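Note: hydrogens, waters and symmetry copies are ignored here, and every other heavy atom, side chains too, is used. On a predicted model such as this, the values are computed, not experimentally measured, just so you know.
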Amino acid sequence: MCSSDLMLGNIAEKARAFLVSHMVTIEIPEQARGKRGIFKISWCGSESCGRKIQELSDADELGETEPMEGRCPVCNAPTTVRALLARPY
């Protein structure tokens, strides 16, 4: 492996560690208000619940990640996904 490959691998690992260290699991959308970071929250997958979570958290949905057992904080349905949220700067 050449030195540039090692350097890129090191940069990628540092970026991943930084990302993971800034992820916070929250139970209710309001826990994200006024805070920085990436927030993981249970979500039933419904579009209307997703919009409400964004509204209550004042954050944008970035996508979805691994399934998470729990209940949707909006409709109380069993969760099928975990949403990732982040506040715009």
Between K52 (side chain only) and S48 (backbone N and O only), is there a donor and an acceptor less than 3.5 Å apart?
no
Does N10 offer a backbone N or O that forms a donor-acceptor pair with the side chain of E13 under 3.5 Å?
no
In terms of side-chain geometry, is the basic nitrogen of R82 or E64 positioned less than 4.0 Å from the acidic oxygen of its partner?
no
Using a 3.5 Å distance criterion without hydrogens, assess whether the side chain of S42 forms a donor-acceptor pair with backbone atoms of C72.
no
State plainly whether the residues E55 and R51 are in salt-bridge range, i.e. N to O under 4.0 Å.
no
Student check: side-chain heavy atoms of I41 and P29 closer than 4.5 Å
yes
Identify the heavy atoms of L85 and S57 that sit nearest to each other, and give their distance.
CD1-OG, 3.9 Å
If you measure from CD on E61 to CD on E47, what distance do you get to the nearest 0.5 Å?
10.0 Å
Nearest 0.5 Å, please: how far is CG in N76 from CZ in R71?
5.0 Å
May I ask you to test the V24-K40 pair for a side-chain heavy-atom distance under 4.5 Å?
no
To the nearest 0.5 Å, what is the distance between CD1 (I53) and CD1 (I26)?
8.5 Å
Gap separating the CZ atom of F39 from the CG atom of L84, nearest 0.5 angstrom
11.5 Å
I'd like to know if E30 and R33 make a salt bridge, using a cut-off of under 4.0 Å between side-chain N and carboxylate O.
no
Sub-4.5 Å side-chain heavy-atom contact between R87 and D58
yes
Considering non-hydrogen atoms only, spot the tightest contact between W43 and G50 and give its length.
NE1-N, 3.2 Å
